[in-house]
Amino acid sequence: MELTILVFLPAAAGVLALLLPKQYEGYAKYIALLGSLAALALSIYLFFDFDSGAGGFQYVVNEDWVDVGAFNLRYHLGVDGLSMPLVVLTTCLTLASVLVSFSVTQRQRAYYACLMILSTSVLGVFTALDFMLFFLFWELELFPMFLLIAVWGSGRKEYSATKFVLYTIAGSAFMLVGILTLAFSANTFDIVQLGQQASFENPVIPLGLAFFFLLVGFAVKLPIVPLHTWLPDAHSDAPTAVSVMLAGVLLKMGGYGILRMCVTILPEQADDYSIWFAAVGAVSVLYGAFITLRQTDVKRLIAYSSVSHMGLVLLGIGALGQTGMVGATYQMLAHGVVTGLLFVMVGLMYERTHTREISRLGGLARQMPLITTGLVFAGFASLGLPALAGFVAEVTVFLGTFQRYEWAVLMSIFGVVLSAGYILWTLQRVVFGPVRHEWDGVTDQKQWWEHSVVLGLASLVVLLGVYPAIVMDMLNPAIQGIVERVG
Amino acid sequence: MTLELEHFLTVGALLFSLGLFVALSKRNAIGVLMGVELMLNAVNLTLLSFSRFSVSERPVAGQTFVVFVITVAAAEAAVALALAVSVYRNRQTVDIDRINLLKS
Amino acid sequence: MPFLLAETVTAAPDVEEWMLWAILLSPLIAWGLIVLYFRKLPAIAGYLAIAGVGAACVMSFVAFFATVDADGAILQHTHEWFTAGPLTVNLGVRLDGLTAVMLVVVTTVSLLVQVYSNGYMAGDPGYGRYFAHMCLFTTSMLGLVLADNLFMLFIFWELVGLSSYLLIGFWFHKPSAAAAAKKAFIVTRIGDLGLLAALLLVWTRADTFDIAAIQEWAASGSPEGYIVTLFALGIFAGAAGKSAQFPLHVWLPDAMEGPTPVSALIHAATMVAAGVYLVARFFPVFEASHDAAQTVAWIGAITAIVAATIALVQTDFKRVLAYSTVSQLGYMMLALGAFGYVAAIFHLFTHAFFKALLFLGSGSVNHSTNTFDMRKMGGLRKHMPITFWTFVIGSLSLSGIFPLAGFWSKDEILLDAWRENRGLWVCAFVVAFLTAFYMFRAIFLTFFGTYKGGEPVDHHDEDSHFHGDPAHPHESPWVMTAPLLILAVPAIAAGWLNISGGPIDSWFADLLNGALPHVHEHGSAFEWGIALSSSAVALAGIGLAWVIYYKRWVTSKSIRDVALPVSVVFENKYFLDRLYEDFFVRTVLQRGWNRLLELNDKYVVDGAVNGAGTSARWVSGQLRAIQNGQMQTYGIGIAAGVVIVVVAVFAANPL
Amino acid sequence: MEGFGVNFAFWTLSAVTLGAAGGVVVSRNLLHAVLFLILAFIGVAGFFVLLSAEFIAMAQVIIYVGAISVLVLFAVLLTPRAGRDNGETAMALPALLLAIAVATVFIFVVNDTNWTTVAKSPELATAELGTALLSTWVLPFELASVLLTAALVGAIMLVRSREEEAEDALA
Amino acid sequence: MDGIDIVGPQVAVLGGAGLILLVDALFPQQRKLLPYIALVALAASALWTTSWVSRDEYGAAFDGTLMLDKYAVFFYYLFAGITATVVLASIDWVDREGRGQGEYYALVLTTCSGLMFLSASRDLITIFVSLELSSIPQYILAGWGKDQRSSEAGLKYLLLGAVASSLLLYGMALLYGFSGSTLLPEIATAIRDGGEANRSLLILASVLLIAGFGFKMAIVPFQMWVPDVYQGAPTPVAAFLSVGSKAAAFAVITRVFMEGLAPKFLSDDWSMIFAVIAAVSMTVGNVMAIVQTDIKRMLGYSSVAQAGTFLIGLAAISAGGADEFTLGASGVLLFLAAYAFTNLGAFIAIIAISQKLGSDQIKDYAGMWRRSPLLTLALGICLVSLTGIPPTVGFWGKMYIFNAGIHADLAWLVVIGVLNSVVSGYYYLSVARQMFLGDPESEEPVGASPALMLALTAATAGVLVFGVIPMPLIDAARDAVATLAIG
């Protein structure tokens, strides 16, 4: 019940905002704010109420939904140690994206409705325990994303929105085939049951192929090279809040899917594929990082850096060991808050200067010291500075993978230098250097919502950096279950 | 020489093919219609041959079928000619090659 | 957080655990307060920083003496930080002789530099920020030396890099400063790759991060030799980055873009010594791998020579000091590679004081002339007597002139090198000569002759914090001279703590040796031969400088003309920067490889997607030709469909 | 089925019917084609007689020759000379090849099949056909009448002139 | 059950047609009433069907030529609903066109009765006559418009339809000749007894039947008339064609192949034919739809692609056991119902918009969101449903059919189907993109008559309601196919 409320609360707030009369349009943001605050509060309560020791899924809801003998779909929600932190991440970033949206003035009601429905769909993905329900939530995310980018975005927004949608649909098309074949081979759509399935008698298609189909769907979302080119486009043209959600939680759906579906349900195939995971993960890390170095658009740059960072997730999973997977999950969380913060800062900057071209920026540290501080902070978090979130994640991934695929890790650690390179170079060009009088009139960060979102995310970054146990203690038992299946 | 079922069927098949050729090659819409009528006649011939030769509990079914085919053919012909006239009114032609506003 | 106490205490120094954490935390608290509340209040920020570092300094001395009392026994407290499956990461502090020495060096120099900065940075718009960064640096450095395991050490290692970045780029509006900061961070990070790899390797092979356990593991002989070597080389790579060893030394001279006190503290006395500290920390590992030790020694030797030769031709006062620092760090590495553990740390110890003194002195000069360009100075001896004399003391100490601190420590290194490998000794010997030469070249250019006017003040530059009048050089205020005077004391006397063969010799060595699980005696008996020859060569260097730059019997220009190719190499810093930045980063990486990948994204990856679309449109166009609106074409389609399907079925599944 | 008369009838009818159909193919004038068509219809009616379906043969003559052909003739006469061209389209050659292919397939299948045939014609009184139409197939029988009505109504609508429609709209 | 009760639903419809003609002739002033008479007749028909259902009196009639089972009932309801929607959608157009109002509705109702008979026939003669009863009025309706395009469409449709009918008839004649009967069960018996030796005949007959029905189903290569006729025919008629005659053709072909041609040696062949045609249809339809600029033409091609998807269900039938049969056939039925809602909704929205714009060009739909939010939203939802994205009924249709395919070891086909869904997403969504994001040529609002709005609301509500709660529809489809006798 709690989960049902949690999942649909944002959407309810969104619909409420949509239904506001035109003259009260300005209140839409407050409704969204209240909704996301409530969702955050509820998720935090659940987080602390969660019994890490008990293992398994908690707060389970399991009702009849579509029952056709041959296949039986259920309304089945639940969270375990793996999904719980991701749920909290989602609610946190939802709140953050609502706050950074306060400056949006165009069609507010529809905007917040889209944003909140997006949040619901992501929460649904993280909590659904029925494969088809999962898929439903997975697809639901397309509409709000499409509209958010295409209507409220900038630049080549329609192209980017369409590209995003088509890539995702293409991926989910493969995923659907994977889902159906698996479900029919096991005669159930229940993710929990599938996850305990000892073996598949008479699979409809070779299980390796089913695994591959599922993987494609998740890999597009993650994204891994070479399925990544939608991401820079989507990011660079999306409004700030959407970039936050996209980088912060949407990409995580891919990693979550790989862990929860691919690896848990088909451990043997995961073992066969693991070397590819490691290889592609390492390639993604480097490829993303190298290309990042050439970007001239700040948001595009961060987007490519996300490709690089998400490669680490794949790398960590590829080791199929507990440390690696915990690290990968932690990397998802860390990247969520860190890149969320990065996009917030870049968004604040963009709001004031209306350009994302690095060559036009420069010396902003004088005109906007607070934003600069935030950007530098986020930048260092992104390049994996210790005591901030990313470091623990990166090192844990490396440690977890090193034993099995030394070469992949040795390749990936070059990403550490490259990330320092592109982040610092960007900082140098954007905020440092001589003052440009073109930007003399711009204001610094000064609204309460701007302060609160930056401080909030920054504290999360620090919290995850200095107190990893708060999440790791929850992840460990959940991941252990997966590792035991891999054997 | 004994006439077998195959003889009649072969004639039917040939007639059908000729009708098909007419239907697919004639430039005039009415010509096409004539081809269709030939095909239907071929079918009727085939049906009646079966009715005559087949081992069947209801040999009458073939004849019945033919009655309906003839009826339907009449109706179809009426509508086809009406449509042809309608096209002619609009376009002053019934040349199939030129009735191609709708394409690609 | 579950604070599981896993103590391994053996007659440890009598220091409460909280105090060690307090040493770490007191500058951190000062940092937090400044950042949160006193950014805009320079008066409070400065004193707060001094208070924080001062408290740490006092406690460090307490810890130091306690360690001395315990004859260098080890105190360790460990707490679990987090676990991820089999991986358990701890946070812990470790107090032993090495830590104690480092604590004292770091806090003392830091405190003095903070005091000095109070004067030097007065009026700078970023005053509060400056002290915050300094506190952050001190915390990181203290954490680095206190860490009881490699993981935690790595954390603070990186944080040190961060503070260094922030301080080098302190005047971020100067493009050169911003670039230098970036360069420093990235180049050191390249070295850190090695450290990271070592971290991964050791956890995979030894299942621990604990320093003591790693030392045991390396010495136990159970791991294959190449593993130990690889681990050691990884450690050394990290050390080479931070300690600016060839070929990663290129960042340090550029780092002089930061405020001078920063250069004194970070890029001379403490942070750059962290690499030496790191190698010393894992000294038993290098002992277990002779190859690694050789590498360390030779890299150190190359660094020392390369840097010293570049220092010969510098015109920037501070850069001379910077290259001198690089050179001296190479010296220390050379010592470590020659198994001169005590000698290296001893040199680190003395070097910290006299190099800090020299940097602060250069800052003082700059404070008065608004420039570091020696060609615009001269004759400052009369205007700035305290600065001049303290600077000379520092230079003499650095040149290894009896009986100043540098003499003793350098002598010990030469001794160890002599014993280990004559080649190394030759290098060290040459460097001793060069050191004396370039230091006194600088002194003669700066303090003697006639004053050449300094750099005029650009009053339109709002970022400048210079308030004096360069036309009339003057002595600096007491907050700046006092630290100079105070530092002059250890620059003179610090060497006496460990006079080879002297009465208190074993005291310092024992203290340091206590940090090692097994001590290999490299007894450092005083050798007259070494001492005399090194003194002689140092004096020769000073003399040559006197001949060329004071008496000007031979002009430097004529020398340059004679040895043109060599000078060009020196002046261009061996072309390393060009190689790295122009060739490798700009050409190979950006214009070549990265561009290739970007084009791949644009044309191959996206091209495949778009190509699918285009080809679908092409097919569609072909099919449209069939869909020509001619009715009978459609009819043929129907009939042909029948024929084709029937024939296909007959063919596929013969009757 | 044997005997000279039957054989003769069969071959003659075959020649006439197929020849007439060929005439439809080759006629350049639509009017000639209609006349050949009528001949083909009559030939087929002859086949029906040969197959002992006299009633159907009669219906064939009345409906096809009487009704449909006349309808076609009217349509031909209603359109001016230009509309009487009965030439081939560009699709003639493919259509020819296709017709040959279809004939080949049909004839192959027809001869490949083992028909179980009765030697003697079943005696089918016309009354039986009537009974069948009014019992088993009464439903299609009724539907056919609906169909004819609908076709009639529709055809009238389609050919009504604009003027009539205008009147209609006023009403 | 006897007498007129057996054909009650059809009689009600045909009676309505007669009444309309009568009223039209006798009371020309009351023409406004005509569509409502039609609606009442359809309601009466549905009521009659319901009374059967409540009496639970199913069974054969007219010596077995007509089969009144739940399968037929399903289609009775479906056709009544489709026709009612088409009638509602026609009112505006017919009013404007002004000619033969009575005849128009009468012909629509006649077609409807023909469709109903088709779904219940179990005899080749009855099937043929019903097919023509539904087709000939459609030929007339397609040529109903006064413009050149409409009469061209009518003539094309008729002449090609006649060719297809001839082929169908030849196939039926062969079946009759082989079995000596026109009743499906008797044909089935004959095939079981002696069919294997005469495969060539049966295959030819099957292919000819597929060609004849495939013409109505709009599958490749019998589909080429579809775009031309859809484009030329009056839009309400095109809607009727795209949904009604297609559904009836699928209804009858399913029955014929299941009850008459089911033996394994034969069904293996036609299943493969269906599978290949399905793949080709989906691909050709989608590829052609991409480049269309006329929305009706685009929907024509998309209907070819959708027909291909239906065929997956048919191809799945032959795999063997009752499960596959039920899945495949009920998948076809479910998808038919889903498709009916969706495509009707789309066509109605197009009717409303095109009437105002006087254009069917997709580019003229730009910015429709601002001119008519409700119509645009409805059309958008229908397009989403056509793509097969949840939470719309189209998703369940596709998903169910894909299910069936995978169960029947047709994973390759399902993969093609899923990929085609992605392609279809491209052009459906590009229409949506035009509507939501394009710049309108004028800001003049586009409205719809109450009747259109009612029809549109019904269709869209069906799309959404069954999208979330698909169970009733699925149950109905399963019940319906459960009564088919497998021959």
Side-chain angles (χ1 to χ4, degrees), chain B residues 1-11 13-22 24-28 30-31 33-34 37-38 41 44-45 48-49 51-55 59-61 63-64 66-68 70-75 77-79 81-86 88 93-94 96-97, chain D residues 1-2 6-7 10 14 17-18 21 24-25 30 33 37 40-41 44 47-48 51-53 56 59 63 67-68 71-72 75-76 79 83 85-89 91-92 95-96 99 102-103 106-107 110-111 115-118 121-122 124 128-129 132-133 137 140 144 147-148 151 154-155 158-159:
Chain B
M1 180 177 182
T2 309
L3 288 178
E4 297 290 345
L5 174 58
E6 281 85 349
H7 289 97
F8 289 89
L9 292 183
T10 306
V11 173
L14 286 173
L15 189 59
F16 190 93
S17 306
L18 278 168
L20 185 67
F21 176 59
V22 171
L24 295 184
S25 66
K26 290 299 174 190
R27 199 189 300 160
N28 194 307
I30 295 169
L33 186 69
M34 298 198 297
E37 297 299 343
L38 281 177
N41 265 280
N44 287 346
L45 179 53
L48 282 180
S49 315
S51 178
R52 161 71 181 72
F53 283 96
S54 282
V55 179
V60 78
Q63 297 202 3
T64 318
V66 172
V67 170
F68 287 115
I70 291 174
T71 318
V72 167
V79 174
L81 292 172
L83 278 168
V85 170
S86 169
Y88 183 79
T93 182
V94 282
I96 301 281
D97 282 343
Chain D
M1 210 187 255
E2 44 198 323
V6 176
N7 261 318
F10 175 79
S14 300
T17 311
L18 295 177
V24 175
V25 172
L30 203 55
L37 185 68
F41 286 165
V44 171
F47 271 114
F48 291 178
L51 290 165
S52 352
I56 307 282
I63 297 178
I68 298 180
L71 208 59
V72 171
V76 171
T79 54
D85 171 38
N86 194 31
E88 271 86 31
T89 67
M91 282 298 167
L96 179 64
V102 167
F106 282 15
I107 292 170
V110 159
N111 290 290
W115 304 102
T116 49
T117 52
V118 287
S121 166
L124 276 175
E128 266 184 77
L129 179 58
L133 280 175
W137 287 286
L147 173 61
L148 283 171
L158 288 176
V159 295

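Lettering of chains follows the sequences in order, A, B, ..., and the numbering in each one begins at 1. Because only heavy atoms are used, hydrogens play no part in the values below, and waters and symmetry mates are left out as well, while side chains stay in.
Listed options D:Trp137, D:Phe10, D:Phe47 were ranked by heavy-atom pairs under 4.5 angstrom with chain B; first place goes to D:Phe10. Interface remark: of the candidates D:Gly87, D:Gly154, D:Ala53, D:Gly87 forms the most heavy-atom pairs closer than 4.5 Å to chain B. Interface check for chain D: of the options B:Thr64, B:Leu20, B:Val85, the most heavy-atom pairs under 4.5 Å are formed by B:Thr64. The most heavy-atom pairs under 4.5 Å with chain D, out of B:Val72, B:Val60, B:Asn41, B:Leu15, come from B:Asn41. Annotation: maximal heavy-atom pairing with chain D below 4.5 Å, among B:Thr71, B:Thr93, B:Leu45, occurs at B:Leu45. Comparing D:Thr116, D:Thr17, D:Leu133 by heavy-atom pairs within less than 4.5 Å of chain B, the highest count is held by D:Thr116. For the set B:Val22, B:Leu83, B:Leu48, B:Asn44, the entry with the most heavy-atom pairs within less than 4.5 Å of chain D is B:Leu48. No other option in D:Leu18, D:Val72, D:Ile107, D:Asn111 has as many heavy-atom pairs under 4.5 Å with chain B as D:Leu18. Listed options D:Pro140, D:Ala144, D:Ala59, D:Ala155 were ranked by heavy-atom pairs under 4.5 angstrom with chain B; first place goes to D:Pro140.
Under the 4.5 Å side-chain criterion, counting only non-hydrogen atoms from C-beta, B:Leu81 is not in contact with D:Val159. In this structure, B:Phe8 and D:Val110 have side chains that are not in contact, with every pair of non-hydrogen atoms separated by 4.5 Å or more. Counting heavy atoms from C-beta outward, B:Leu9 and D:Phe106 have side chains that stay 4.5 Å or more apart.
Only the side chain of B:Phe16 comes within contact range of chain D, with heavy atoms under 4.5 Å apart. Neither the backbone nor the side chain of B:Ala84 has a heavy atom closer than 4.5 Å to any heavy atom of chain D. In this structure, the portion of B:Leu5 lying under 4.5 Å from any heavy atom of chain D is its side chain and not its backbone. At a 4.5 Å heavy-atom cutoff, the contact between D:Ile63 and chain B is made by side-chain atoms alone. Both the backbone and the side chain of D:Ala33 come within less than 4.5 Å of a heavy atom in chain B. Heavy atoms closer than 4.5 Å to chain B are found in both the backbone and the side chain of D:Leu129. Only the side chain of D:Val44 comes within contact range of chain B, with at least one heavy atom under 4.5 Å from a heavy atom of that chain. Only the side chain of D:Ala132 comes within contact range of chain B, judged by heavy atoms closer than 4.5 Å.
D:Ala40 and B:Leu38 make their closest contact through CB-CD2, 3.9 Å (heavy atoms, listed as atom of the first residue, atom of the second, distance). Closest approach of B:Ala75 to D:Leu147, counting heavy atoms only: CB-CG, 4.4 Å. The heavy-atom pair separating B:Val79 from D:Ala151 by the smallest distance is CG2-CB, 3.7 Å. A pairwise comparison of heavy atoms in B:Leu14 and D:Ala103 identifies CD2-CB, 4.5 Å as the closest pair. The shortest non-hydrogen separation linking B:Gln63 to D:Ile56 is O-CD1, 3.6 Å. The two atoms that bring B:Phe21 and D:Ala92 nearest to each other are CE1-O, 3.4 Å, heavy atoms only.
Interatomic distance, CZ of D:Phe48 versus CZ of B:Arg52, reported as 15.0 Å (0.5 Å rounding). Separation of atoms CG (D:Leu37) and CD1 (B:Ile30) is listed at 12.0 Å; rounding is to 0.5 Å. Here OG1 of D:Thr89 is found 11.5 Å from CG of B:Asn28. Values are rounded to the nearest 0.5 Å.
D:Glu88 and B:Lys26 are joined by a salt bridge, as a carboxylate oxygen and a charged side-chain nitrogen come within less than 4.0 angstrom of each other.
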